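All figures in this text were calculated on a predicted structure; none of them were measured in a lab.
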Amino acid sequence: MIEKSARKKRKIVQRTIASLMLVNILGFSTVPAVSFAASHLVATAETTSTDETEATTTTNSKPDKVPSIDQLGLEVKSAVLLEPTTGQILLNIDADVALPPASMTKMMTEYIVAEQVKQGIISWDDVVTVRENAAKSVGSRIFLAEGDQHTVRELYIAMAVGSANDATVALAEYVAGSEAEFVTMMNETAKQMGMETAFFINSTGLSRADMPEKFRPQEDRETVMSAMDAALLVKHIVMDHPDFAEFTAIPSYKFRERDKDPIINYNWMLESNKDITNFKAYAYEGLDGMKTGHTSAAGYCFAGTAERDGMRLISVVMGTKSEGARFQETRKVLDYGFDNFEIKEVVPAQSTVEGFENIQVSKGKATEAAIVTDKPVSFMLPKGSSGANINFEATIDSNNLTAPVAKDTKVGTVTYSYTVEGMDSEQTVTVNLITADEVEKAGWFKLLMRAISQFFADLFESIKNLF
């Protein structure tokens, strides 16, 4: 910073000298220019001209720390905890291992159907006629008969609340024409989302042997999905469809008027269950989704999401030992997140980066432009941390811009990184460096005078270097 300031002052002095020399030459003054220069150069630090457009890294104190996840004593095959806006993984236990997800599979069906509605391809009020495949589905179901008619909304609620396999298949067939075609959509969507292990054979999560024989896929494979992929899927649901809780948080739903009992939501952790005798021990503050799952192969699984004080977390536990255990383990995971972390904006938008405050501009009314960040940077910090030990590395694309230069012109990037002891990965965010203001092109006379001034500044520098 001192060097840059000194260099800037030196340029001013040089150009002042050059201007005075030009005035002397033109006969307008007899001011002793060289003598004037000498008295000012005494006050400036000696500098060496350097090019500061490559990169710089700032390193601060030792990393912040959070408690070890080992102390949670989790009894799961795999688990993950994710914050969706930053994508930061806060807890990871074998989260990349592909396992049977059971009815958590239906989250992909929920996502695709909601996307179809969002895009106007289908409507919540469309009437769906139940076909053979749906009517023959087993497991959790609402006992649809072939030829029954229900709206997309009614079937969606039965799927989201009661995990109804027959309602799920009916929706899949309505969207794609057949469940097999819908499965193709599921696998394509999984790839687009970056789900690395997910593979679907049906819309429900049933094992191949439990599907109606006529509608089983020819390939002898099963549906699998890692906890990480399940969390990524939930992330897309909550971010792409923020109204998801209109369905997933329904505690009970009477599907037909003639039904004796309503469908009860399998998610015992819903905050709305806090006053329900059978479930209040499991109710969790802020929890409003997402999906349970169970088969003999999968064990008891649960993908949950809760929001507190403006921060949403997504948890997934797979392979727990009982219906209640999946919620008990989820509580441990979510508590770990809410008790130990908070989202904090550590760099506001339009911030300057030390050492990269300006960029040179040729042929402009101004000779340089201020540069700033285009977006804010937020990290998951341990509660109470100031985030002081954040590092950055900046790169400028070019040494010089040519006027005219528009405001918000991208000139480089800066990557901020942050490490927390006790977490698996370093947090990194890259934002653009942009010009803070417009720089208009200078007129020919201004450019001419600047060129003459620069000529004499360079001449003075050459003479000075002789001594």
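A donor-acceptor contact shorter than 3.5 Å is absent between the side chain of Gln71 and the backbone of Ile69. The closest donor-acceptor contact from the side chain of Ser351 to the backbone of Thr373 lies at 3.5 Å or more, if one exists at all. Put simply, the side chain of Thr435 gets close to the backbone of Asp408: a donor and an acceptor are under 3.5 Å apart.
Using a 4.5 Å heavy-atom threshold, the side chains of Met186 and Ile112 count as touching. Contact check for Pro404 versus Glu440: no side-chain heavy atoms found under the 4.5 Å cut-off. Between Ile142 and Tyr253 the shortest side-chain heavy-atom distance does not fall below 4.5 Å. Counting heavy atoms from C-beta outward, Glu115 and His241 have side chains that approach closer than 4.5 Å. Residues Asp96 and Thr197 fail the side-chain proximity criterion, which asks for heavy atoms closer than 4.5 Å.
More than 12 heavy-atom neighbours from other residues, nucleotides or ligands sit within 6.0 angstrom of CD on Glu146. The neighbour count for Lys383 NZ, taken as heavy atoms of other residues, nucleotides or ligands under 6.0 Å away, is above 12. Shown here is Lys375, whose NZ atom has no more than 12 heavy atoms of other residues, nucleotides or ligands within 6.0 Å.
Across all non-hydrogen atoms, the minimal contact from Asp229 to Ala198 is OD2-N, 3.0 Å. When all heavy atoms of Val439 and Glu368 are compared, the closest pair comes out as CG2-O, 4.4 Å. Scanning all heavy atoms of the two residues, the minimum distance from Ile371 to Thr352 falls at O-CG2, 4.0 Å. Taking each heavy atom of Ala306 and Phe338 in turn, the nearest pair found is O-CZ, 3.5 Å. The nearest pair of heavy atoms linking Thr295 to Gly205 is CG2-O, 4.3 Å. Residues Ala298 and Ala102 approach most closely at CB-CB, 3.8 Å, considering heavy atoms.
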For Ser203 and Glu179, run side-chain hydrogen bond (donor to acceptor under 3.5 Å, both in side chains): C-alpha distance rounded to whole Å, both residues' side-chain angles, the deciding distance at 0.1 Å, then the answer.
-> CA-CA 7 Å; Ser203 61; Glu179 186 179 23; 2.9 Å; yes
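Between Lys254 and Glu257 there is no salt bridge, since no side-chain N of the basic residue sits under 4.0 Å from a carboxylate O of the acidic one. The pair Asp243-Lys118 does not count as a salt bridge, with every side-chain nitrogen at least 4.0 angstrom from each carboxylate oxygen. No salt bridge links Lys291 with Glu110; every basic N to acidic carboxylate O contact stays at or beyond 4.0 Å. Using a cut-off of 4.0 Å between Lys/Arg side-chain N and Asp/Glu carboxylate O, Glu188 and Lys191 are scored as not salt-bridged.
A cation-pi arrangement is absent between Arg256 and Phe143 under the rule of less than 6.0 angstrom and at most 45 degrees off the ring axis.
Ring pair Tyr266/His294: centre-to-centre distance not below 6.0 Å.
Taking the six-membered ring where the residue is Trp, Trp124 and Phe247 present tilted rings, their angle falling between 30° and 60°. Using cut-offs of 30° and 60° for the angle between ring planes, the Phe302 and Phe327 rings count as perpendicular.
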